[in-house]
Amino acid sequence: MPELPEVETTRRGVAPYVEGEQVDELLVRESRLRWPVPADLPQLLRGQRVLSVSRRAKYLLFHTAAGTLLVHLGMSGSLRVLRQPIPAAGPHDHIDLRLSSGDCLRFNDPRRFGCFLWSEPGETHPLLAHLGPEPLSDSFDGLLLHRLSRGRRGPVKNFIMDGRIVVGVGNIYANEALYLAGIRPDRSAGRISLARYERLSDYIKQVLTSAIEQGGTTLRDFVGGDGKPGYFAQQLHVYGRAGLACKTCGGVLREQRLAQRSTVYCVTCQR
DNA sequence: CCTCGGACCTGGTAGC
DNA sequence: TGCTACCAGGTCCGAG
C-alpha cells in the first residue's frame with residue numbers, strides 16, 4: 001500500500017498510541033525481511049520510551065533515548081494499533097511491538113520487502129544518508145529538479161522517482177503528477193525547461209498533499225478490527241486507466257513500461 | 001557519475 | 001476447477 005501519503009497516514013494514525021509509551025517487548029516472529037531484523041533489536045528496545053514518531057522519505061522513525069527504530073513498509077507492509085484484548089497473530093504478522101499501555105503495534109507484510117532496523121543516537125543510518133529532500137518541503141522545487149537534471153538522459157519519470165533527487169514520489173503519483181503537468185513520462189529529464197519543472201514540482205506537492213488529506217479519513221482503520229488501510233479515495237487520472245479515455249481530451253490512454261514500472265499517459269495532453 | 005536490469009517475496013487475477 | 005504466467009504501492013545493488 002505504501003506510497004508516501006500512506007506512510008504519513010500511518011505515522012499520524014499510530015503516533016498518538018505510541019508516543020510517550022514504554023516498550024514492554026518487541027516480539028519478532030519472522031526476522032527475514034528485506035534485511036534481517038537485528039537479533040538484538042528486542043533487547044535494544046525493551047524498556048525504552050518512544051519519544052516521538054517521525055517520517056523521512058517512506059521510513060517511519062521511532063525515536064528513543066537509546067536510538068531510533070527504522071521501519072519501512074516495502075510494497076505490502078502495514079502497521080496497526082491493536083487494543084486489548086490483543087487478537088492472535090495471523091499470517092504475515094511478523095512483528096509485535098508491545099507497549100506499557102497494553103496496546104500493540106503489529107507489523108504485517110506478506111512480501112517481506114519491509115524492514116525493521118536500528119540506528120544509534122547521533123548517527124545517520126546509511127539508508128537515510130543519501131536521500132534527496134522531502135517533496136513537501138521548501139527545499140524541493142522546480143529549480144532543484146532543473147539543476148539536477150542537466151545532462152541526464154534517462155526518462156523524467158525515472159528521474160523524479162529517484163530518491164537521491166527527491167524522496168517519496170512513488171509510481172502512482174509519478175504518473176499522476178506527470179499527467180497533470182502535461183509532460184510525457186519518457187521525455188529525457190535533461191531536456192525539460194525550468195518552467196515545466198516548476199509546474200511539475202507544484203503538481204507533485206499538490207497530488208501528495210491531497211492524497212495525505214484523503215488518507216486522513218481512514219485513521220480509524222489503524223485501530224479497528226480488520227485494519228486494511230483504506231486505499232485513497234483519490235480520483236486517479238491515469239494510473240490504472242490504460243486503454244480508457246483521457247479525462248481531458250477523451251483520447252485513449254497509453255501504457256508503457258519504464259524502469260519495469262507501469263506507466264500510463266496521454267499522447268495528446270502530455271508532451 | 002549515469003543507466004539499466006535483476007534481485008528480494010507472496011498473493012491475486014487473467015488466460016488457457 | 002486447476003494450472004501457469006504475469007503483475008503489484010519499493011528500492012538496493014552490481015555490471016557496463
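Residue numbers begin at 1 in each chain, while the letters A, B, ... track the order of the sequences. None of these values were measured; they are calculated from a predicted model.
Annotation: C:dT11 and B:dG12 have their C1' atoms spaced 23 Å apart (nearest Å). Between B:dT3 and C:dG9, the two C1' atoms lie 24 Å apart (nearest whole Å). Taking the C1' atoms as reference points, C:dC12 lies 23 Å from B:dG11, given to the whole Å.
Rounded to an integer number of Å, the gap from NE2 of A:H125 to P of C:dT11 is 14 Å. Between the P atom of C:dC7 and the CD atom of A:Q256 lies a distance of 15 Å, rounded to the nearest Å. Straight-line distance from the CG atom of A:D109 to the C1' atom of C:dT11: 14 Å, rounded to whole Å. In this structure, CG of A:L73 is placed 16 Å from C1' of C:dA8, rounded to the nearest angstrom.
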Q) Is there a side chain to side chain donor-acceptor pair (under 3.5 Å) between A:Y179 and A:T248 once you walk through the steps? A) CA-CA 10 Å; A:Y179 172 79; A:T248 304; 2.6 Å; yes
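Sorted by first and then second residue, the salt bridge (charged side-chain N to carboxylate O under 4.0 Å, His left out) pairs involving residues 245-258 of chain A (not counting sequence neighbours) form an empty list. Within the structure, the salt bridge (charged side-chain N to carboxylate O under 4.0 Å, His left out) test picks out no pair touching residues 60-77 of chain A (sequence neighbours left out).
Note on A:L69: it does not cluster hydrophobically with A:L131, by side-chain heavy-atom contacts below 4.5 Å among ILVMFWY residues.
OP1 or OP2 of C:dG9 lies within a sub-4.0 Å distance of a side-chain N or O belonging to A:Y239. At least one side-chain nitrogen or oxygen of A:S262 sits closer than 4.0 Å to the OP1 or OP2 atom of C:dA8. An OP1 or OP2 oxygen of B:dG11 is reached within less than 4.0 angstrom by a side-chain nitrogen or oxygen of A:H92.
Residues passing the side-chain hydrogen bond (donor to acceptor under 3.5 Å, both in side chains) test with A:R271, sequence neighbours excluded: none. By the salt bridge (Lys or Arg N to Asp or Glu O under 4.0 Å) test, A:R164 pairs with A:D162, sequence neighbours left out. By the salt bridge (Lys or Arg N to Asp or Glu O under 4.0 Å) test, A:R153 pairs with no residue at all, sequence neighbours left out. Residues passing the salt bridge (Lys or Arg N to Asp or Glu O under 4.0 Å) test with A:E120: none are found, sequence neighbours excluded. Residues passing the side-chain hydrogen bond (donor to acceptor under 3.5 Å, both in side chains) test with A:Y265, sequence neighbours excluded: A:R184.
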Please list, for nucleotides 3-6 of chain C, all pairs of protein and nucleotide N/O atoms separated by less than 3.5 Å.
none

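Candidate nucleotides C:dC12, C:dT11, C:dG9 were compared by shortest atom distance to the side chain of A:L127, and C:dC12 ranks first.
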Q) Could you spell out the base pairing of DNA chain B in dot-bracket, with Watson-Crick or G-U pairs whose two distances are under 3.5 Å, [ ] crossing and | to another strand? A) .|||||||.|||||||
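A:Y59 comes within 4.0 angstrom of sugar-phosphate atoms only, judged by non-hydrogen atoms across all strands, and of no base.
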Could you list the donor-acceptor pairs under 3.5 angstrom formed by side chains in residues 86-94 of chain A, with sequence neighbours left out?
from: A:D93; atom 1: OD1; to: A:N108; atom 2: ND2; distance (Å): 2.8
from: A:D93; atom 1: OD2; to: A:G90; atom 2: N; distance (Å): 2.6
from: A:H94; atom 1: NE2; to: A:D109; atom 2: O; distance (Å): 2.8

Q | Contact letters for nucleotides 2-9 of chain B, in which S counts primed atoms plus P, OP1 and OP2 and B counts the base, heavy atoms under 4.0 Å | A | -S-BB-BB
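Grouped with A:L143 in one hydrophobic cluster are A:L194, the linkage being side-chain heavy-atom contacts under 4.5 Å among Ile, Leu, Val, Met, Phe, Trp and Tyr residues.
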